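Below: the structure, in structure tokens.
All of these numbers come straight from a predicted model, not from anything done at the bench.
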Amino acid sequence: MSEKEDLAKQKAEAAARAKAVALARKQAKTEAAEKPEGDMDIAKQKAAAAAKAKAAALAKKQAKEAAEKPEVDMDIGKQKAAAAAKAKAAALAKKQAKEAGEKPEGEMDIAKQKAAAAAKAKAAALAKKQAKEEEAGEKPEVEMDIAKQKAAAAAKAKAAALAKKQAKEEEAAEKPEVEMDIAKQKAAAAAKAKAAALAKKQAKEEEAGEKPEGEMDIAKQKAAAAAKAKAAALARKQAKEEAGEKPEGEIDAAKQKAAAAAKAKAAAAAKAKAAAAAKNRTAAQESEEADTPSEISPNQSKLDQIVSAIESHVGQGALLENYINRLSKDVPTLVANPDTYFSIAKFLRYDEQLDFSYLSELHGTDFESHMEIYVHLHSFKMNQSVALKVKLDRDTPVIPSLVPLWSGANWPECEAYDLLGINFYEHPDLKRILLGEDWKGYPLRKDYEPYDVEV
């Protein structure tokens with residue numbers, strides 16, 4: 001054992017003894033105040049024995065601690081602390097000596113002892129504190145260098161991570177739209193492929209498990225639904241990440257472009273729809289034309305015969321139009337001028353070669369732009385039917401009555417008058433036959449509104 005360790009042990013033993021003596025005196029005073037003289041001696045002896053035992057135990061403990069500490073720790077720091085404690089104790093002793101000049105001698109001794117004990121205790125505490133601080137402050141240079149290196153490495157790693165993040169954001173911001181779209185498409189394709197692979201894998205596992213057909217279908221549907229949901233979630237996440245990395249200006253520009261693209265798409269869809277509708281109409285017309293036979297109708301010769309006879313007897317401008325009605329059993333149809341309507345009807349009725357003696361039908365129609373009268377005639381001599389039509393002004397629909405030519409036109413003309421308001425002048429008894437005379441309006445007109453809502 002070195003001289004320094006011996007010195008430390010001696011100091012520790014002295015401090016412990018001083019502390020034990022002070023404690024014994026304190027206990028002796030306390031006990032003396034309460035006990036008789038006989039008890040006082042026994043108590044003093046017990047206190048002294050206890051104080052010695054405690055001092056010995058404390059000395060041993062401090063000796064062990066001092067023996068375990070390396071020599072480096074028992075160095076200048078402790079010497080400085082001891083010197084400072086001594087100086088402080090000396091100053092305190094001087095101060096107390098001055099103050100004790102006025103006190104009796106008994107009190108002076110006790111005060112000096114207390115002051116010395118307090119100074120030693122304070123010095124010991126100060127020495128321990130300084131020793132701890134010096135131990136914490138006197139780390140080897142190697143440990144300091146390692147700590148600095150670790151801090152520097154952590155700072156570099158953090159800076160590198162920040163640089164990578166900024167580089168990614170700049171790359172995402174600098175990418176053109178085409179690359180962004182390609183990236184989105186690739187991400188979507190990858191998600192779909194992953195979903196398909198997952199669905200196949202699940203299907204194989206289910207087949208291996210030999211599930212019934214019903215359970216297999218349900219499992220496949222669930223797997224497909226889950227894969228679609230996963231793919232959709234992944235696509236949304238990627239879209240959000242891409243949108244989140246863009247600056248605000250680019251986000252606004254992207255929104256405007258998306259809106260413009262949506263408008264363009266809607267316009268294109270509308271054009272395509274219109275084109276499809278036009279195509280459908282053209283196809284319908286073509287189909288009608290295709291349905292219409294290209295060969296000449298068997299009634300075409302009879303139509304030509306009737307038209308020729310009318311033009312030669314009534315006049316060249318008597319007919320506005322003539323054609324074969326393919327939708328009505330190839331009936332020859334004559335469209336008359338309102339001024340020549342009655343003359344053509346009279347010629348068809350009384351011509352010996354034509355002889356259309358039977359009126360099978362007469363009715364009116366509201367086309368909103370005009371009114372129209374349709375008369376269906378039949379010739380038993382020619383074994384041929386013909387249709388006579390005339391267009392009337394909708395506001396003032398007036399036309400000559402055919403009752404003088406065919407008595408069968410009586411009730412049909414009254415019906416047309418009753419329901420459409422067509423006036424057949426020179427009719428022998430034109431009246432309402434279905435509705436009352438006080439009825440307001442004409443029910444078969446397209447713009448008819450009931451006068452009495454309850455009716």
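- Within a 6.0 Å radius of CD in Glu437, other residues, nucleotides and ligands contribute more than 12 heavy atoms.
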So Val375 and Glu361, side-chain contact (heavy atoms from CB on, under 4.5 Å) or not? Walk me through it.
CA-CA 6 Å; Val375 183; Glu361 184 181 358; over 6 Å; no

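- In this structure, OH in Tyr358 is found 10.5 Å from CG in Leu377, a value given to the nearest 0.5 Å.
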Can you list, pair by pair, the side-chain donor-acceptor contacts under 3.5 Å of residues 300-311, counting residues two or more places apart and other chains?
from   : atom 1 : to     : atom 2 : distance (Å)
Gln300 : NE2    : Asp304 : OD1    : 3.1
Lys302 : NZ     : Gln384 : OE1    : 3.2

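- When every heavy atom of Ala345 is checked against every heavy atom of Leu388, the shortest pair comes out as CB-CD2, 3.9 Å.
- Between His376 and Val331, the shortest heavy-atom contact is CE1-CG1, 4.3 Å.
- Taking CG of Asp429 as the reference point, atom CD of Glu413 lies at 12.0 Å (rounded to 0.5 Å).
- Side-chain N or O atoms of Thr340 include none that pairs as donor or acceptor with a backbone N or O of Ser343 at under 3.5 Å.
- Nearest approach of Ala336 to Tyr341, heavy atoms of both residues: CB-CA, 4.1 Å.
- Taking the ring-ring contact (aromatic ring centres under 6.0 Å, His included) definition, one finds that Phe347 meets it with His313, sequence neighbours left out.
- Counting only residues at least two apart or in different chains, salt bridge (charged side-chain N to carboxylate O under 4.0 Å, His left out) contacts with residues 329-341 comprise Arg326-Asp330.
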Begin with the C-alpha distance, continue with both residues' side-chain angles, and end with the deciding distance and a verdict on salt bridge (charged side-chain N to carboxylate O under 4.0 Å, His left out) for Lys346 and Asp351.
CA-CA 8 Å; Lys346 186 177 181 180; Asp351 183 76; over 6 Å; no

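- Distance check: His427 NE2 to Ile399 CD1 gives 14.0 Å after rounding to the nearest 0.5 Å.
- Pairing each heavy atom of Met382 with each of Gln353, the nearest pair is CG-O, 3.5 Å.
- Glu372 is not listed as a side-chain neighbour of Ile422, based on a closest heavy-atom distance of 4.5 Å or more.
- Separating the CG atom in Leu420 from the NZ atom in Lys446 is a distance of 10.0 Å, to the nearest 0.5 Å.
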side-chain contact (heavy atoms from CB on, under 4.5 Å) between Leu348 and Leu334, worked out
CA-CA 11 Å; Leu348 293 172; Leu334 307 171; 4.3 Å; yes

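- With salt bridges taken as basic N to acidic carboxylate O contacts below 4.0 Å, one links Arg432 and Asp418.
- Ring orientation note: the planes of His378 and Phe380 are nearly perpendicular, at an angle over 60° on the 30°/60° scale.
- Minimum interatomic distance between Ile373 and Gly364 (heavy atoms only, all atoms of both residues): CD1-CA, 4.1 Å.
- With hydrogens and angles disregarded, a donor-acceptor distance shorter than 3.5 Å links the side chain of Lys381 to the backbone of Glu352.
- Across all non-hydrogen atoms, the minimal contact from Leu405 to Arg349 is O-NE, 3.4 Å.
- A search for side-chain hydrogen bond (donor to acceptor under 3.5 Å, both in side chains) contacts involving Asp393 returns Thr396, not counting sequence neighbours.
- Remark: Trp411 CH2 to Leu362 CG distance equals 15.0 Å, nearest 0.5 Å.
- A search for side-chain contact (heavy atoms from CB on, under 4.5 Å) contacts involving Tyr323 returns Glu321, Asn325, Thr333, Val335, Lys389, not counting sequence neighbours.
- Atom CZ of Phe424 is separated from atom CG of Asn410 by 11.0 Å, given to the nearest 0.5 angstrom.
- Residues passing the side-chain hydrogen bond (donor to acceptor under 3.5 Å, both in side chains) test with Asn299: none are found, sequence neighbours excluded.
- Within the 4.5 Å cutoff, no side-chain heavy atoms of Leu392 are placed close to those of His370.
- With a 4.5 Å cut-off on side-chain heavy atoms, Tyr417 and Leu430 count as touching.
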